[in-house]
Visitor: 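One structure, pasted below without further comment.
All residue numbers refer to positions in the sequence shown, counting from 1.
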Amino acid sequence: MAKSLMVVCGTGIATSTVATGKIKSYLEEQGLSSEVHFLQSKIADEVSAIGNDEYDIVVSTTMVPSSIKDKVINGVPLLTGIGADKVFEEIKSKIEA
């Protein structure tokens with residue numbers, strides 16, 4: 001069964017789209033693209049869903065409330081390129097778990 005991967009940003013449009021594209025490319029290279037169902041939104045709409053564990057994996061390119069911070073992968077490195085490999089590995093480990 002595919003894991004649900006939610007990518008969030010401030011508006012659900014710009015940086016989450018960039019991050020989603022990079023994650024999809026990485027997962028295709030790893031042969032894992034069929035293991036994931038992608039969703040994209042703005043953080044304000046998803047705080048309660050993230051808090052209730054509605055998604056298997058959450059990547060955010062914006063600030064998240066401290067109450068859900070431990071459930072979210074910081075996706076900013078996907079935008080800067082610095083530390084992106086660590087983000088990809090964390091996503092991969094959650095898919096394979």
Visitor: Is there a donor-acceptor pair under 3.5 Å between the side chain of Asn52 and the backbone N or O of Glu54?
Guide: no
Visitor: How many angstroms lie between NE2 in His37 and OH in Tyr55, if you round to the nearest 0.5 Å?
Guide: 9.0 Å
Visitor: Between OH of Tyr26 and CG of Leu32, what distance do you get to the nearest 0.5 Å?
Guide: 7.5 Å
Visitor: How close do Thr15 and Cys9 get, heavy atom to heavy atom, and via which atoms?
Guide: OG1-CB, 3.1 Å
Visitor: For the residue pair Ser41 and Ser16, what are the closest heavy atoms and their distance?
Guide: O-OG, 4.4 Å
Visitor: Rounded at 0.5 Å granularity, tell me how far CE in Met6 sits from CD1 in Ile43.
Guide: 9.0 Å
Visitor: State, to 0.1 Å, how close Asn74 and Val87 come at their nearest heavy-atom pair, and which atoms those are.
Guide: O-CG2, 3.4 Å
Visitor: I need the minimum non-hydrogen distance between Val59 and Gly75, along with the two atoms involved.
Guide: CG1-CA, 3.6 Å
Visitor: Around atom NZ of Lys42, are there more than 12 heavy atoms of other residues, nucleotides or ligands at under 6.0 Å?
Guide: no
Visitor: Measuring from atom OG of Ser93 to atom CD1 of Ile73, what distance do you get when rounded to the nearest 0.5 angstrom?
Guide: 7.0 Å
Visitor: Shortest non-hydrogen contact from Gln40 to Ile13?
Guide: NE2-O, 3.7 Å
Visitor: Which pair of heavy atoms, one from Val72 and one from Ser60, lies closest together, and at what distance?
Guide: CG1-CB, 3.5 Å
Visitor: Are Val76 and Phe88 connected, step by step, through hydrophobic side chains (Ile, Leu, Val, Met, Phe, Trp, Tyr) whose heavy atoms are closer than 4.5 Å?
Guide: no
Visitor: Under the criterion side chain to side chain contact (heavy atoms under 4.5 Å, CB included), I'd like the reasoning laid out for Ile91 against Ile23: C-alpha separation, chi angles, the key distance, then a yes or no.
Guide: CA-CA 9 Å; Ile91 293 168; Ile23 296 167; 3.8 Å; yes
Visitor: State plainly whether the residues Asp56 and Lys94 are in salt-bridge range, i.e. N to O under 4.0 Å.
Guide: no
Visitor: Flag yes if Leu5 and Leu39 sit in one hydrophobic cluster, no otherwise; membership is Ile, Leu, Val, Met, Phe, Trp, Tyr, and two members link when side-chain heavy atoms are under 4.5 Å apart.
Guide: no
Visitor: Using modelled atom types only, decide if a donor and an acceptor are shared between the side chain of Lys71 and the backbone of Gly51 within a distance under 3.5 Å.
Guide: yes
Visitor: Can Val7 be reached from Leu78 by stepping across I, L, V, M, F, W or Y side chains whose heavy atoms are under 4.5 Å apart?
Guide: yes
Visitor: If you measure from CD1 on Ile68 to CD on Glu46, what distance do you get to the nearest 0.5 Å?
Guide: 9.5 Å
Visitor: According to side-chain hydrogen bond (donor to acceptor under 3.5 Å, both in side chains), who are the partners of Asp85, at least two apart in sequence or on a separate chain?
Guide: none
Visitor: May I have all residue pairs that pass salt bridge (charged side-chain N to carboxylate O under 4.0 Å, His left out) and include part of residues 22-39, sequence neighbours excluded?
Guide: none
Visitor: Report the distance from atom CG of Leu27 to atom CD1 of Ile95, rounding to the nearest 0.5 Å.
Guide: 4.5 Å
